[in-house]
Amino acid sequence: MQTVEATGARPFSLAKGFIAGYGVAGAAVFGAVVVLALAGGEATSFMWTRSAVVLASAAIAYWLVLLAQRGRRAAYQRARLISIVAPVAIIGVDLIPGACPLWFLLVQAGCAVLLAGAAAPLIRMRASFPAS
């Protein structure tokens, strides 16, 4: 059975890279909603809430991966769960008819793909975090 140290930094780097991309894309969506609102366009409360939640979840997921890299099993489990469940939830909610414009849906889908990318290295590291 491997330890976290034996796993190496590569899986963590990959996960952090995907989550950072998710955060950058989330920040771009939030910025677009701000610009849209300032320009007098349609920025619904759904779009405000959704883009803020994506941005906040990126920060939380990144923090959890940092903690997991230090050997915290609970942080690893939460990061892995977020990277698997959140992309499905993002797409599922954004597909509600009329909930958001097409551009918003497409960028949110990109966010979901980036976050899902973090799932692969995290899942492969499962043996590094054995059950107590």
Side-chain angles (χ1 to χ4, degrees):
M1 188 174 333
Q2 296 178 328
T3 65
V4 177
E5 295 82 25
T7 305
R10 180 123 171 93
F12 288 114
S13 294
L14 283 171
K16 287 189 294 188
F18 278 114
I19 293 170
Y22 169 65
V24 168
V29 172
F30 188 78
V33 171
V34 169
V35 169
L36 189 61
L38 292 174
E42 184 183 350
T44 65
S45 60
F46 173 84
M47 293 166 62
W48 278 105
T49 303
R50 188 65 157 167
S51 58
V53 166
V54 166
L55 193 53
S57 70
I60 292 167
Y62 196 87
W63 176 66
L64 288 171
V65 171
L66 289 176
L67 291 176
Q69 192 170 13
R70 294 181 192 141
R72 302 248 176 107
R73 183 175 188 273
Y76 163 74
Q77 290 174 315
R78 288 179 180 99
R80 189 184 74 215
L81 182 67
I82 289 169
S83 70
I84 294 167
V85 174
V88 175
I90 290 169
I91 299 297
V93 172
D94 287 343
L95 286 176
I96 296 170
C100 57
L102 182 60
W103 71 267
F104 189 86
L105 170 69
L106 294 175
V107 179
Q108 289 277 297
C111 287
V113 168
L114 286 166
L115 184 56
L122 291 172
I123 290 169
R124 284 194 304 264
M125 295 172 52
R126 190 175 207 160
S128 300
F129 294 91
S132 298

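This one's a predicted model, so the numbers in the text were calculated from it and none came from an experiment.
- Minimum heavy-atom separation, Ala99 to Val93: CB-O, 4.4 Å.
- Scanning both residues, Ala25 and Leu114, for their nearest heavy atoms gives CB-CD1, 4.1 Å.
- Identified under the ring-ring contact (aromatic ring centres under 6.0 Å, His included) test for residues 67-101, with sequence neighbours left out: Tyr76-Phe129.
- Once rounded to the nearest 0.5 Å, the distance linking CD1 of Ile19 with CD1 of Ile82 reads 8.0 Å.
- Separation of atoms CD (Glu42) and SG (Cys100) is listed at 10.5 Å; rounding is to 0.5 Å.
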Does the pair Ile123 and Ile84 meet the rule for a side chain to side chain contact (heavy atoms under 4.5 Å, CB included), with working shown? CA-CA 9 Å; Ile123 290 169; Ile84 294 167; 3.8 Å; yes

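- With a 4.5 Å cut-off between side-chain heavy atoms of Ile, Leu, Val, Met, Phe, Trp and Tyr, the cluster of Leu106 takes in Ile91, Leu95, Leu102, Leu105.
- Listed by first then second residue, pairs satisfying side chain to side chain donor-acceptor pair (under 3.5 Å) with a partner in residues 81-100 read Arg50-Asp94, not counting sequence neighbours.
- Listed here is the closest heavy atom pair of Ala118 and Ala15: CB-O, 3.9 Å.
- Atom CZ of Arg80 is separated from atom CZ of Arg124 by 13.5 Å, given to the nearest 0.5 angstrom.
- Every residue two or more places apart in sequence or in another chain that forms a side-chain contact (heavy atoms from CB on, under 4.5 Å) with Leu81 is listed here: Val85.
- Cluster annotation: Leu115 and Leu14 are assigned to distinct hydrophobic clusters (Ile/Leu/Val/Met/Phe/Trp/Tyr, side-chain heavy-atom contacts under 4.5 Å, transitive).
- The minimum heavy-atom distance between Cys111 and Gly26, with the atom names listed, is SG-N, 3.7 Å.
- What you find for Pro121 and Pro11 is that their closest heavy atoms are CB-O, 3.5 Å.
- Residues Val29 and Val35 do not share a hydrophobic cluster, clusters being chains of Ile/Leu/Val/Met/Phe/Trp/Tyr side chains in contact below 4.5 Å.
- Applying the ring-ring contact (aromatic ring centres under 6.0 Å, His included) test to residues at least two apart or on different chains, none of the pairs has a partner in residues 101-121.
- Taken to the nearest 0.5 Å, the CZ atom of Arg72 stands 11.0 Å off from the CZ atom of Arg78.
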Donor-acceptor pairs under 3.5 angstrom involving side-chain atoms of residues 51-67: please list them, not counting sequence neighbours.
{"unit_1": "Ser51", "atom_1": "OG", "unit_2": "Met47", "atom_2": "O", "d": "2.8"}
{"unit_1": "Ser51", "atom_1": "OG", "unit_2": "Trp48", "atom_2": "O", "d": "3.2"}
{"unit_1": "Ser57", "atom_1": "OG", "unit_2": "Tyr22", "atom_2": "OH", "d": "2.6"}
{"unit_1": "Ser57", "atom_1": "OG", "unit_2": "Val53", "atom_2": "O", "d": "3.2"}
{"unit_1": "Ser57", "atom_1": "OG", "unit_2": "Val54", "atom_2": "O", "d": "2.9"}

